[in-house]
Number of protein chains: 2
Amino acid sequence: MAKRKAKATKTAAKSGRPRSPSGSSRKQGRAIKGEIPYSTIVRLAQYLRILERLQTVGTGKISSNELAREAKVNSFLVRKDLSYFGEFGVRGVGYEIKSLIREVRKILGLNRERRVILVGVGHLGRALLSYKGFAEEGFCICGLFDSDPAKIGTTVRNLEVRSIFTLEEFVESNGAVEIGIIAVPAFSAQFVANTLVAVGVKGLLNFAPIPLTAPPHVITVSVDLTTNLEVISYYLSQR
Amino acid sequence: MAKRKAKATKTAAKSGRPRSPSGSSRKQGRAIKGEIPYSTIVRLAQYLRILERLQTVGTGKISSNELAREAKVNSFLVRKDLSYFGEFGVRGVGYEIKSLIREVRKILGLNRERRVILVGVGHLGRALLSYKGFAEEGFCICGLFDSDPAKIGTTVRNLEVRSIFTLEEFVESNGAVEIGIIAVPAFSAQFVANTLVAVGVKGLLNFAPIPLTAPPHVITVSVDLTTNLEVISYYLSQR
DNA sequence: ACGTGTGAAAGATTTCACAGCG
DNA sequence: CGCTGTGAAATCTTTCACACGT
């Protein structure tokens, strides 16, 4: 078949509530009509991680079988996942790791920096702030917000903690923000989500254990830590 | 139809890798042949959270419609999810919140305490340790482990940090542990998983960004934080 | 020969429609 | 009458088999 960038990418998918799976939770989320499955996108991100790890030691090439073994899925699925977006391999040979990394990064929109703000500078928020993986993939946490007067004005990792009520002026003077991470208690999560949406944030990563309501154009992914343990508990008791 | 406890609970499901979705992760995980869907279990845990929140303010009764609205799913799904396990509602009326909570907790195996150990006392590990939700649902973090000599011997939240190499003797003297939380870097996650499995841990909650290999009787749920952001990035670039 | 790419089959989950019962 | 419980249909995802290209 001739080269073709994406086979079916007309109607952008709306929103997801993945489990996490990797637990996250949850996270569920189904593909919208004739769309690329949500789970394909999750796996693509996992393939990318594996490829980046292998890049430093690898031979330069990888087959769908090898990638599948690393990702603990089967090789048909690896090929199917990739084939939604184009033909990246060479028959009889496999995929060139470096170029596959480039392609997957492009698919996932990682070829540019994304400005992120973090709301909720508690234990979890601080842990997320110090998490290396975000910066490595181009996610730049550029603002910290909280509602606790004792925290506002303090500096954490070179970033000033601001009042959530100053969010609008922050965006006006510092430029648009694409993603908001919500690491606040359940009772204030929806308020924070509304505030973020109001200033133009288009993606929410929610760690509060409550399902959020957001307009359909805002992507919402929730990670529910307790839910994941409860799921384990269920399977433990099934024996 | 006559009362019947569980419709299909013969072959216990094996393992899942949910996204979290609730990010986590990821995390996918499909039901095994004729089994109860993994996603049903995740939603059950979410329903439980909602019910517990509503219990304090509610009228005592809830319909599948109301619960569905809170959980952002549709009411058919709520009823189907519950019907896998029994008939808990009253036709024409709805579900009694208190008794539904009791039933769901029983289904999820939350009617007893589960001993949990945490490996990796970095930022994320500490955040998990201080996370309220775990204890509330009966998950008791009873041991901390790390490999950093600077941390071993220190005390965090009344728990001594121990060397991962003393895990076996910890289990021997303190009793069995059912669940292990892995909050270590990717390069040591598989080693930690192996160590945990070797001392009899039956459930793993993995925060390292790498798919783990574990025997089929060990439930593994992964929460991959970066993956969740990358998924958001994908949907952001689809417009 | 070998491994990718993909249409078609199989399998799983969700939605629907309605019977059933308080 | 209203809302649950559920078989059947619709939809979505994964698996498979094999044609194709190098």
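Just so it is clear, the structure is predicted and the values come from calculations on it, not from any experiment. Per chain, numbering begins at 1; letters A, B, ... match sequence-line order.
- Between Arg43(B) and dT14(C) there is a side-chain N or O to OP1 or OP2 distance below 4.0 Å.
- In this structure, CZ of Phe88(A) is placed 14 Å from P of dT4(C), rounded to the nearest angstrom.
- Rounding to whole angstrom units, CG of residue Leu77(A) and P of dA10(C) are separated by 19 Å.
- In terms of phosphate contacts, Ser64(A) brings a side-chain nitrogen or oxygen within less than 4.0 Å of OP1 or OP2 of dT4(C).
- Contact annotation: Tyr84(B) side-chain N/O to dA12(C) OP1/OP2 distance is not under 4.0 Å.
- For the pair Glu66(B) and Lys61(B), the salt-bridge criterion is not met [side-chain N within less than 4.0 Å of a carboxylate O].
- In this structure, Ile62(A) places its CD1 atom 10 Å from P of dT4(C), rounding to the nearest Å.
- With hydrogens and angles left out, the side-chain atoms of Glu230(B) and Thr227(B) include no donor and acceptor closer than 3.5 Å.
- Ion pairing between Arg49(B) and Glu52(B) fails under the 4.0 Å rule for side-chain N and carboxylate O.
- When distances are taken from the side chain of Asn74(A) to each of dT13(D), dT13(C), dT15(D), the shortest belongs to dT15(D).
- Between Ser39(A) and dT14(D), a side-chain N or O to OP1/OP2 separation shorter than 4.0 Å is present.
- A salt bridge does not link Lys132(A) to Glu137(A): none of the charged side-chain nitrogens sits closer than 4.0 Å to a carboxylate oxygen.
- Regarding Glu35(A), its CD atom lies at a distance of 10 Å from the P atom of dT13(D), rounded to whole Å.
- When each of Gly92(A) and Gly89(A) is assigned the nucleotide of DNA chain C bearing its nearest heavy atom, the one mapping closer to the 5' terminus is Gly92(A).
- The CG atom of Asn65(B) sits 14 Å away from the C1' atom of dT15(C) (whole-angstrom rounding).
- Considering only the side chain of Arg91(A), dG5(C) comes nearest among dT13(D), dG5(C), dG5(D).
- Contacts classified as salt bridge (Lys or Arg N to Asp or Glu O under 4.0 Å) and involving residues 177-187 of chain B (residues at least two apart or in different chains) are given here: Arg112(B)-Glu178(B), Arg114(B)-Glu178(B).
- If you check dT4(D), dA8(C), dG5(C) against the side chain of Arg79(A), the one that comes closest is dG5(C).
- Considering only heavy atoms from C-beta on, Val192(A) stays 4.5 Å or farther from Asn206(A) through its side chain.
- Considering only the side chain of Tyr95(A), dT4(C) comes nearest among dA8(C), dG22(C), dT4(C).
- Atoms OH (Tyr47(A)) and P (dT4(C)) sit 12 Å apart, rounded to a whole Å.
- Look at CD on Glu87(A): it is 10 Å from P on dG21(D), rounded to the nearest Å.
- Rounded to an integer number of Å, the gap from Glu103(B) CD to dG5(D) P is 11 Å.
- Both Phe76(B) and Val93(A) lie close to DNA chain D; mapped to their nearest nucleotides by heavy-atom distance, the more 5′-ward contact belongs to Phe76(B).
- Counting distance only, with no hydrogens placed and no angle test, the side-chain atoms of Lys61(A) and the base atoms of dG3(C) include no donor-acceptor pair under 3.5 Å.
- When each of dT4(D), dT4(C), dT15(D) is scored by its nearest atom to the side-chain atoms of Ser63(B), the top-ranked nucleotide is dT4(D).
- Checked against dC3(D), dA17(D), dT6(D), the side chain of Ser83(B) finds its nearest nucleotide in dT6(D).
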